[in-house]
Trainee: 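Here's a structure for you.
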Amino acid sequence: MASLGTPLPIWRSLAPRMSRDIFTCRQSLRNQGFVTSSVRQFASIQSPQSRKIQSTFFTDKYRQFFTSTIRRSAPAPAAINAVKEAGAKVSSSSTQISDKAVAWWLLGSAASVFGLVVFGGLTRLTESGLSITEWKPVTGSKPPMNDEDWESEFAKYRASPEYKQLNPNMNLAEFKSIYYMEWIHRFWGRFVGLSFVLPAVYFVARKKVTTPMAWRLFGISALIGFQGFLGWWMVKSGLKDDLFAPGSHPRVSQYRLTAHLGAAFTCYAAMLWNGLAILRAHRLMKDPVEGLKSLDALRDPRLAFFRRSVAGLAAMVFITAMSGGLVAGLDAGLIYNEFPYMGNGLTPPSSELWDAHYSRHEDRSDLWWRNILENPSLVQLNHRILAVTTFTAIMALMFYTKRSPAMKSLLPRAAKKGMHGVVGFACLQVTLGICTLLYLVPTHVASAHQAGSVFLLTWVLILGSRVWHPSRTAKLLQMAIKARGQTPLSSAASPIKRV
């Protein structure tokens, strides 16, 4: 120890004259956080005896040098808090995106609702909807199991206006065919409800969904239950003979039929939209930097018109489909079976469109809206106008995306493919609608026309999910980038403004 201690005064006297870089260890500086934490951990586990030995071993001068070194190498409290806060945000951000299994379950539920809508159209076209004259949500799940039960159900149907005026010669075998159609439709509705509500409770209980998504699942569940009530409310209107003129074709209320159809479309759109949103959030979180760049690119002001146009298309497709529900409820497709003319012109005579027969007030104050909603001629004309307007708007938007230089450079490739899908299904839907009219509403063509409306709405929503800007997902991406020590794409520094 003496031999090692003799040169210390010489190095001590020469040290101030030498460069400080000679005595600097680069690797130690890079690892100073690890060293500091290790020293602190070692100091925290020392016993009083070891501390006493340390005080006698080190001189006050060396202890002062050792303490100052730790202080210089230790990170600042503000930096430590920032790192902890970033880490906490990152760990919590992973729970702020619903599980992928929830997305696939939502899309599967949407597919089930899609099939239910199509099968419901078949039930209406085959005149099977009024075959079950009672609503038993629980006990009605089981069909008649013996001849006595079948005779009981057939007796109830024979008391309905539909049997007396439309099917007075129907036998039991024919009744069974329409009964099973309506029973399958109702059983499918119960299956949709149970297959949605029970998994929703599970996902919420296991915290696999975010709080906003949990409230959305609750809203969809309530809408499914309300949809079942609307179905029976619609059927009940067809079991009374005060809705239609004596001797006319028994039917359900077109208002209740449209409400039932609208609730189904809304339920389907909610499931599809939320499922696509979850999948998109997971896809963007795989590479937060690129994901944030792609989202910021969608905020370009030159894309604002396109985004608004897609939202307008979704509204137009929905409204056109609901006008189709009025056409179906009034059997308005069985008149004026030509296109584009309606009789001797593009429109029927104004006296036929605004017939005073449909007004119920002496002052004729309800003449205009009752004809719009209850006059088969005007209802069909309105459906034609809405369909042609929607188709024209879709084609105009497609032409805009092809001709506009800004759209060519800014619109993502996925959005361009989605636009092609919208155009394709719009052409198919118009073709099916014209064929349904020309061939006097054949069952298979009319059912395909109803399915085409759902397909068209689906592709418009898919296109919307590819061009909308999810602000909540963008915040999660920024948090993930900061936690990784990368530089996020700041919206304030970017020339792109929020629109």
Trainee: Give the C-alpha distance, both sets of side-chain angles, the deciding distance and a yes or no for side chain to side chain contact (heavy atoms under 4.5 Å, CB included) between L303 and V467.
Mentor: CA-CA 9 Å; L303 289 177; V467 297; over 6 Å; no

Trainee: Looking at L125 and A446, what are the two nearest heavy atoms and their distance?
Mentor: CD1-CB, 3.7 Å

Trainee: Please report the C-alpha distance between L279 and K100 in whole Å, then the side-chain angles of each, then the deciding distance to 0.1 Å, and finally whether the side chain to side chain contact (heavy atoms under 4.5 Å, CB included) criterion is met.
Mentor: CA-CA 7 Å; L279 290 180; K100 243 182 183 181; 4.0 Å; yes

Trainee: Examine distances only and state if a side-chain atom of S98 and a backbone atom of T210 form a donor-acceptor pair shorter than 3.5 Å.
Mentor: yes

Trainee: Passes side chain to side chain contact (heavy atoms under 4.5 Å, CB included), L257 versus L261? Steps please.
Mentor: CA-CA 6 Å; L257 173 63; L261 182 65; 5.5 Å; no

Trainee: Would you call E290 and L284 a side-chain contact if the rule is heavy atoms closer than 4.5 Å?
Mentor: no

Trainee: If you measure from OG on S112 to CE on M271, what distance do you get to the nearest 0.5 Å?
Mentor: 8.0 Å

Trainee: Under a 4.5 Å cut-off applied to non-hydrogen side-chain atoms, are L272 and L107 in contact?
Mentor: yes

Trainee: What is the minimum heavy-atom distance between Q380 and A332, and which atoms define it?
Mentor: NE2-O, 2.7 Å

Trainee: Is there a donor-acceptor pair closer than 3.5 Å between any side-chain N or O of S447 and the backbone N or O of T443?
Mentor: no

Trainee: Within a strict 4.5 Å, meaning less than it, do heavy atoms of the L386 and S323 side chains meet?
Mentor: yes

Trainee: Mind jotting down which residue pairs meet the side chain to side chain donor-acceptor pair (under 3.5 Å) criterion with at least one end in residues 392-415? Sequence neighbours excluded, please.
Mentor: K402-H420

Trainee: Using side-chain heavy atoms (C-beta onward) and a distance below 4.5 Å, is H282 in contact with I97?
Mentor: yes

Trainee: Taking the side chain as every heavy atom from C-beta outward, state whether K208 and W105 have any pair of such atoms under 4.5 Å apart.
Mentor: no

Trainee: Could D296 and R299 be called an ion pair, given the rule that one side-chain N must be under 4.0 Å from one carboxylate O?
Mentor: yes

Trainee: Quick one: CZ on R251 to CG on D331, what's the gap to the nearest 0.5 Å?
Mentor: 7.5 Å

Trainee: To the nearest 0.5 angstrom, please state how far the CG atom of L440 sits from the CG atom of N337.
Mentor: 4.5 Å

Trainee: Say you draw a straight line from OG1 of T436 to NE2 of H444; how long is it, rounded to the nearest 0.5 Å?
Mentor: 9.0 Å

Trainee: So does W104 have more than 12 non-hydrogen atoms from other groups sitting under 6.0 Å from CH2?
Mentor: no

Trainee: Would you say S131 and W183 are linked by a side-chain donor-acceptor pair, where the criterion is simply a distance under 3.5 Å?
Mentor: no

Trainee: Taking atom OG of S253 and atom NE2 of H260, what is their separation to the nearest 0.5 Å?
Mentor: 13.0 Å

Trainee: State the CG-CG distance between L411 and D300, to the nearest 0.5 angstrom.
Mentor: 11.0 Å

Trainee: Is any side-chain heavy atom of R186 less than 4.5 Å from a side-chain heavy atom of T123?
Mentor: no

Trainee: Where do R466 and A414 come nearest, in terms of heavy atoms and distance?
Mentor: NH1-O, 2.7 Å

Trainee: Evaluate whether atom CZ of F187 has more than 12 neighbouring non-hydrogen atoms of other residues, nucleotides or ligands under 6.0 angstrom away.
Mentor: no

Trainee: Would you mind reporting whether T266 and F318 have side-chain heavy atoms less than 4.5 Å apart?
Mentor: yes

Trainee: Please give me the minimum heavy-atom distance between I394 and M419, naming the atom from each residue.
Mentor: O-CE, 3.7 Å

Trainee: Around atom NZ of K416, are there more than 12 heavy atoms from other residues, nucleotides or ligands closer than 6.0 Å?
Mentor: yes

Trainee: Could you check whether atom OH of Y439 has more than 12 heavy atoms from other residues, nucleotides or ligands sitting under 6.0 Å from it?
Mentor: no

Trainee: With the side chain counted from C-beta on, respond yes when L381 and L378 share a heavy-atom pair under 4.5 Å apart, and no when they do not.
Mentor: yes

Trainee: Only pairs under 3.5 Å count here: list side-chain donor-acceptor contacts from residues 452-463, not counting sequence neighbours, and write none if there are none.
Mentor:
from: S453; atom 1: OG; to: Q450; atom 2: O; distance (Å): 2.5
from: T458; atom 1: OG1; to: Y268; atom 2: OH; distance (Å): 2.4
from: T458; atom 1: OG1; to: V454; atom 2: O; distance (Å): 2.7

Trainee: Could you pull out all donor-acceptor pairs under 3.5 Å where a side-chain atom in residues 212-223 meets a protein atom, sequence neighbours excluded?
Mentor:
from: R216; atom 1: NH1; to: N274; atom 2: OD1; distance (Å): 2.9
from: S221; atom 1: OG; to: L217; atom 2: O; distance (Å): 2.8

Trainee: Grab the two heavy atoms, one from I132 and one from V235, that are nearest each other, plus how far apart they are.
Mentor: O-CG1, 4.1 Å

Trainee: The test is side chain to side chain contact (heavy atoms under 4.5 Å, CB included); show your working for T390 and Q429 and say whether it passes.
Mentor: CA-CA 11 Å; T390 303; Q429 179 67 352; over 6 Å; no

Trainee: Please name the pair of heavy atoms, one in R256 and one in S237, separated by the smallest distance, quoted to 0.1 Å.
Mentor: NH1-CB, 3.4 Å

